[in-house]
Asker: 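One structure is given below, represented as structure tokens, and several questions about it will come after.
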Amino acid sequence: LRADDPGWRWHCISGHGQSLSDWERRPLSSKIAAIEVELGTKIGSAVLDGYYTSSEVDDLLAGKQAQLTNAAALARITATAGGAPKWDGGDWPGGSGSGSLPLTLPECLAKLGVLAYYTADYGVLDASGEPCSVAGDGVAEWRDRSGHGYHLTPTDSSHRPEWYPEVVGTTPVIRFGAVTQSNLRNASLAVPARDHTIVVVASNTSPTQKWGRLAVTGLPTSGDDYNSEASAVLQADNEDGYAVVYQARYTRTALSASQAGGQQLPWGRYAVRVARGNVHLSVDGTQWSGGTTPNSGTYTGFALGCCWTGGAPYSGTVDSGTVGQLVGDELLVAVFGRSLSDWELGWLHRAVYATYGI
């Protein structure tokens, strides 16, 4: 249907339709007015509760208006053979008039203003600087695809994760845990502690590991990453009956194992959004958990694979060295220096699924 026709002509996707008479469209106008009142009430409550500022509401409404302006194009969404869906006309809200909806992963991430992102099928280099090509190759660098230069490297040659081809269909992965305390990190990648988004496509392969680090935001120079004002962790947590936990200074938001299908974390799109200190944890596009974070300021440094203490990988060997060590695979990691909205995160999930089938 299209709602932007000045003559109130409503069309179904097949192209058939008819103009509504005055008496037919009056009830519809009343219904729309009621929806507008309800929406205004909800927006007002969101502002008063501190979840959105007035300027952010203006931005959201502007985006919605852009969507309505392109309602006719949205009604003609088509899928090209072997490709992702695209608009048949119009423009993506906030776009440049190209008429296309950026559902390919690189286009979507660029539109969303990604700070850094990494995919296991791009820029994974061995010690000689060549692309990894043999199963088990040690990863000396995982290059940032955003163009911002936040490349990831291990702390030293003895802590390199490994590259394996064709693990998810034809897609390779970065495997952590085969080498003790394998890790990748960038010391300068920084995000606001109270406003950021991290998306990780991952799976752990050990149901007995404890607190395996999917991502660490902030590398504190003293103390532990999970109990520091300067950092927070997103981890696979098999110790306490949780699947995934986001934790800062012992304050944590948890996704229960039953919601994720068991303690052995299945392949999924795991995301944490922190919006003005409010934490939202989701898997495959569905929000499961909410909480708050006690931290503020900036998290400086970013790492994958293992626990960090005092600015270095945790060196303990409790429980065969699996505490704090991710024993599993990562396929994609994306970092945003702001909290994505629901519809932005939804587009990203669709792009990831269209690319990798996860």
Asker: Is there a donor-acceptor contact under 3.5 Å from the side chain of S146 to the main chain of Y117?
Answerer: no
Asker: Might you point out which heavy atoms bring H148 and L115 nearest each other, and give the distance in Å?
Answerer: ND1-O, 2.7 Å
Asker: Can you get from L214 to F176 by hopping between Ile, Leu, Val, Met, Phe, Trp and Tyr side chains that sit under 4.5 Å apart?
Answerer: yes
Asker: Any idea which heavy atoms bring V352 and R269 closest together, and the distance?
Answerer: CG1-CD, 3.7 Å
Asker: Check whether any side-chain N or O of Q325 sits under 3.5 Å from a backbone N or O of G305 as a donor-acceptor pair, and report yes or no.
Answerer: yes
Asker: With no hydrogens and no angle check, is any side-chain donor or acceptor of D126 less than 3.5 Å from a backbone partner on C132?
Answerer: no
Asker: Using only atom types and a distance under 3.5 Å, with no angle test, would you say the side chain of T298 pairs donor to acceptor with the backbone of P192?
Answerer: no
Asker: Calculate, to the nearest 0.5 Å, the distance between atoms CZ and NE2 belonging to R143 and H151 respectively.
Answerer: 3.5 Å
Asker: Which value, rounded to the nearest 0.5 Å, describes the distance between L189 atom CG and T300 atom OG1?
Answerer: 9.0 Å
Asker: With a 3.5 Å cut-off and no angle check, do the side chains of T293 and N295 form a donor-acceptor pair?
Answerer: no
Asker: Answer with yes or no whether the side chains of R249 and S228 bring together a donor and an acceptor at under 3.5 Å.
Answerer: no
Asker: Taking the inter-plane angle between the rings of Y226 and Y250 on a 0 to 90° scale, is it parallel (under 30°), tilted (30 to 60°) or perpendicular (over 60°)?
Answerer: perpendicular
Asker: So which atom in P313 and which in N183 form the shortest heavy-atom distance, rounded to 0.1 Å?
Answerer: CG-ND2, 3.7 Å
Asker: Is it true that V168 and L105 fall in one hydrophobic cluster, defined by side-chain heavy atoms closer than 4.5 Å?
Answerer: yes
Asker: Rounded at 0.5 Å granularity, tell me how far CD in E130 sits from CG in D137.
Answerer: 11.0 Å
Asker: Starting from the C-alpha separation in whole Å, work towards a yes-or-no answer on side chain to side chain contact (heavy atoms under 4.5 Å, CB included) for K111 and W347.
Answerer: CA-CA 10 Å; K111 282 285 189 180; W347 272 336; over 6 Å; no
Asker: Are L340 and H280 side-chain neighbours, meaning at least one heavy-atom pair lies under 4.5 Å?
Answerer: no
Asker: Do L345 and S282 pass the side chain to side chain contact (heavy atoms under 4.5 Å, CB included) test, and can you show the C-alpha distance, the side-chain angles, and the key distance before you say yes or no?
Answerer: CA-CA 10 Å; L345 189 58; S282 63; 4.3 Å; yes
Asker: State the CG-CG distance between L348 and L332, to the nearest 0.5 angstrom.
Answerer: 7.5 Å
Asker: Under a 3.5 Å distance rule, please check whether T251 uses its side chain to pair with a backbone N or O of P294 as donor and acceptor.
Answerer: no
Asker: So, the side chain of R213 versus the backbone of W211: is there a donor-acceptor pair under 3.5 Å, distance only?
Answerer: yes
Asker: If every non-hydrogen atom of A275 is compared with every non-hydrogen atom of S339, which pair is closest and at what distance?
Answerer: CB-OG, 3.4 Å
Asker: Is it the case that one hydrophobic cluster holds both V139 and V333, taking links as side-chain heavy atoms less than 4.5 Å apart, direct or via other members?
Answerer: yes
Asker: For R175, is there an ion pair with D329 - N to carboxylate O distance below 4.0 angstrom?
Answerer: yes
Asker: So, T309 and D224: side-chain donor and acceptor under 3.5 Å apart, yes or no?
Answerer: yes
Asker: Can a donor-acceptor pair be found, under 3.5 Å and without considering hydrogens, that links the side chain of H196 to the backbone of G337?
Answerer: no
Asker: Give a yes or no on whether the backbone of L265 and the side-chain of N204 come within a donor-acceptor separation of less than 3.5 Å.
Answerer: yes
Asker: Ignoring hydrogens and geometry, is there a side-chain-to-backbone donor-acceptor pair from T197 to R338 under 3.5 Å?
Answerer: yes
Asker: Assess whether atom OH of Y164 is packed by more than 12 heavy atoms of other residues, nucleotides or ligands within 6.0 Å.
Answerer: yes
Asker: When rounded to the nearest 0.5 angstrom, what is the spacing between CG in D225 and CD in Q235?
Answerer: 8.0 Å
Asker: Check T253 against L281 and note the closest heavy-atom contact, atom names and distance.
Answerer: O-CD2, 3.7 Å
Asker: Could you go through T155 and W308, starting from their C-alpha distance and side-chain angles, then the distance that decides it, and tell me whether this counts as side chain to side chain contact (heavy atoms under 4.5 Å, CB included)?
Answerer: CA-CA 11 Å; T155 47; W308 288 72; 3.4 Å; yes
Asker: Are L152 and I174 connected in a single hydrophobic cluster, I mean Ile/Leu/Val/Met/Phe/Trp/Tyr linked by side-chain heavy atoms less than 4.5 Å apart?
Answerer: yes
Asker: Yes or no on side chain to side chain contact (heavy atoms under 4.5 Å, CB included) for F302 and I198, after CA distance, side-chain angles and deciding distance?
Answerer: CA-CA 11 Å; F302 183 75; I198 309 294; 4.2 Å; yes
Asker: Report yes or no: do L304 and V124 belong to one cluster of Ile/Leu/Val/Met/Phe/Trp/Tyr joined by side chain heavy-atom distances under 4.5 Å?
Answerer: yes
Asker: Pick one: which of Y118, Y150, Y122 meets ring-ring contact (aromatic ring centres under 6.0 Å, His included) with W142?
Answerer: Y118
Asker: Could you walk me through whether R160 and S182 pass side-chain hydrogen bond (donor to acceptor under 3.5 Å, both in side chains), step by step?
Answerer: CA-CA 5 Å; R160 292 173 182 156; S182 52; over 6 Å; no
Asker: Taking all heavy atoms of R185 and all of P154, pick out the closest pair and write down the distance.
Answerer: NH1-O, 3.9 Å
Asker: Could you tell me the separation between the CG atom of L234 and the CD atom of Q247, rounded to the nearest 0.5 Å?
Answerer: 11.0 Å
